[in-house]
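Quick notes on the structure that follows.
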Amino acid sequence: MIIRTETQKDYDEIYHLVRDAFKTAQVSDGKEQDFVVKLRQEADYLADLAFVAEEDGRIIAHIMLTKQKVWTSSGFFEALLLAPLCVAFDYRNRGIGAELVRYAMKVATEKGYKAVFLVGNPDYYGRFGFIEALRYGIRNTNGIPAQYVLAAELEKGALFGVSGQITFAE
């Protein structure tokens with residue numbers, strides 16, 4: 001398996017992978033593949049932080065990080081949003097998703113980003129250092145239950161004193 005940056009040539013295959021992967025997700029609105037397309041069209045899209053895992057020429061997993069702002073009383077704090085992460089059904093439970101998360105966070109750290117947010121399962125993402133964003137004083141405005149809005153510092157102490165609101169693209 002290799003992990004590499006996604007290319008425009010991969011978009012159609014990624015679209016179908018995301019659609020199919022989320023058919024069996026614990027929580028899904030069925031529009032995650034369209035969310036990926038929308039994220040790519042936004043100014044916050046970071047082409048160098050969107051990755052695929054490939055095996056035998058087939059894309060088996062995908063992850064992307066895009067810019068995400070936390071609005072504070074003094075302006076905004078720029079961080080990243082991890083969304084979505086998916087692995088093809090036949091390749092699950094092999095650690096591929098975890099490897100993609102670690103890889104993406106490592107590259108983001110090397111590029112100087114300080115923190116990552118996501119909406120997801122705290123039991124799964126806790127192993128990567130994600131905790132409730134509310135523990136940092138950051139609340140979401142989307143009405144998502146707080147236990148699923150998670151944050152991880154890429155730089156120790158990066159979120160100390162950063163309190164405010166986060167709004168996720170829909």
Side-chain angles (χ1 to χ4, degrees), residues 14-15 17-42 44-46 49-53 61-73 76-89 91-109 113-170:
I14 291 167
Y15 183 89
L17 168 71
V18 174
R19 183 195 65 204
D20 294 346
F22 276 92
K23 284 180 181 176
T24 57
Q26 202 172 17
V27 177
S28 171
D29 66 2
K31 299 176 185 173
E32 289 81 6
Q33 65 280 358
D34 299 321
F35 183 59
V36 169
V37 172
K38 182 182 184 301
L39 287 172
R40 283 194 197 110
Q41 294 169 347
E42 301 289 326
D44 294 334
Y45 172 62
L46 299 166
L49 288 176
F51 304 102
V52 296
H62 177 258
I63 190 171
M64 62 192 311
L65 298 170
T66 54
K67 290 181 188 176
Q68 175 68 56
K69 291 182 175 113
V70 177
W71 295 99
T72 69
S73 60
F76 69 87
F77 174 84
E78 187 173 270
L80 296 171
L81 171 67
L82 187 161
L85 166 67
C86 69
V87 178
F89 187 78
Y91 291 87
R92 292 185 185 164
N93 301 313
R94 298 184 190 182
I96 294 167
E99 196 170 336
L100 267 179
V101 170
R102 287 186 189 98
Y103 182 83
M105 290 176 70
K106 176 181 168 284
V107 174
T109 302
Y113 291 96
K114 309 284 186 221
V116 179
F117 291 85
L118 61 82
V119 176
N121 182 331
D123 294 331
Y124 180 80
Y125 289 103
R127 70 177 107 172
F128 308 109
F130 283 90
I131 62 171
E132 275 187 46
L134 206 50
R135 290 177 53 188
Y136 291 110
I138 300 166
R139 64 188 184 290
N140 81 88
T141 62
N142 295 76
I144 301 163
Q147 70 263 30
Y148 301 113
V149 178
L150 308 176
E153 294 180 321
L154 297 175
E155 179 181 290
K156 188 172 173 61
L159 292 173
F160 179 77
V162 177
S163 65
Q165 296 182 38
I166 190 167
T167 300
F168 299 106
E170 296 185 18

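- Taking every heavy atom of both residues into account, Ala21 and Val87 meet most closely at CB-O, 3.7 Å.
- At least one side-chain heavy atom of Leu85 sits less than 4.5 Å from a side-chain heavy atom of Tyr124.
- Asp20 pairs by the salt bridge (Lys or Arg N to Asp or Glu O under 4.0 Å) definition with Lys23, not counting sequence neighbours.
- Residues Gln41 and Val37 meet the side-chain proximity criterion, which asks for heavy atoms closer than 4.5 Å.
- Within 6.0 Å of atom CZ in Phe89, 12 or fewer heavy atoms from other residues, nucleotides or ligands are found, so the atom counts as exposed in its surroundings.
- Under a 3.5 Å cut-off, the side chain of Tyr125 and the backbone N or O of Tyr148 do not form any donor-acceptor pair.
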Ile14 vs Val52, side chain to side chain contact (heavy atoms under 4.5 Å, CB included): CA-CA, chis, key distance, verdict: CA-CA 8 Å; Ile14 291 167; Val52 296; 3.6 Å; yes
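- Identified under the salt bridge (charged side-chain N to carboxylate O under 4.0 Å, His left out) test for residues 120-133, with sequence neighbours left out: none.
- Closest of all the heavy-atom pairs between Phe128 and Ala152 is O-CB, 4.4 Å.
- With sequence neighbours excluded, the residues forming a salt bridge (Lys or Arg N to Asp or Glu O under 4.0 Å) with Arg40 are Glu6, listed by chain and number.
- A distance of 12.5 Å separates NZ in Lys106 from CG in Leu154, rounded to the nearest 0.5 Å.
- Between atom CG of residue Leu100 and atom CE of residue Met64 there is a gap of 13.0 Å, rounded to the nearest 0.5 Å.
- Counting heavy atoms from C-beta on, the side chains of Thr66 and Glu42 never come closer than 4.5 Å.
- When side chains are defined from C-beta on, Val162 counts as touching Thr72, because their heavy atoms get closer than 4.5 Å.
- Interatomic distance, OG1 of Thr167 versus CH2 of Trp71, reported as 9.0 Å (0.5 Å rounding).
- When all heavy atoms of Leu159 and Ala151 are compared, the closest pair comes out as CD1-CB, 4.0 Å.
- Shortest non-hydrogen contact noted between Pro122 and Leu150 is CA-CD1, 3.8 Å.
- In the displayed structure, Arg94 atom CZ is contacted under 6.0 Å by more than 12 heavy atoms of other residues, nucleotides or ligands.
- Between Phe130 and Met105, the closest side-chain pair of non-hydrogen atoms falls below 4.5 Å.
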- request: Decide yes or no on side chain to side chain contact (heavy atoms under 4.5 Å, CB included) for Val149 and Leu134, but give the supporting numbers first.
  value: CA-CA 8 Å; Val149 178; Leu134 206 50; over 6 Å; no
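- Between Tyr113 and Leu49, the closest side-chain pair of non-hydrogen atoms falls below 4.5 Å.
- Ile166 CD1 to Leu81 CG: the interatomic distance, rounded to the nearest 0.5 Å, is 7.0 Å.
- Partners of Tyr15 according to the ring-ring contact (aromatic ring centres under 6.0 Å, His included) rule, which considers only residues two or more places apart in sequence or in another chain, do not exist here.
- Side-chain contact between Phe117 and Ile138 is present, with heavy atoms from C-beta onward closer than 4.5 Å.
- The shortest non-hydrogen separation linking Ala83 to Leu39 is O-CD1, 3.7 Å.
- Residue pairs meeting the salt bridge (charged side-chain N to carboxylate O under 4.0 Å, His left out) criterion with at least one partner in residues 149-159, sequence neighbours excluded, are Lys114-Glu155.
- Not a single donor-acceptor pair under 3.5 Å links the side chain of Asn142 to the backbone N or O of Ile144.
- Nearest heavy-atom pair, Ala79 versus Ala115, reported as atom, atom and distance to 0.1 Å: CB-O, 3.4 Å.
- Residues Gln68 and Asp44 are not in side-chain contact: their nearest non-hydrogen atoms beyond the backbone lie 4.5 Å or more apart.
- Legend: residues meeting salt bridge (Lys or Arg N to Asp or Glu O under 4.0 Å) with Lys69, ordered by chain and number and at least two apart, are absent.
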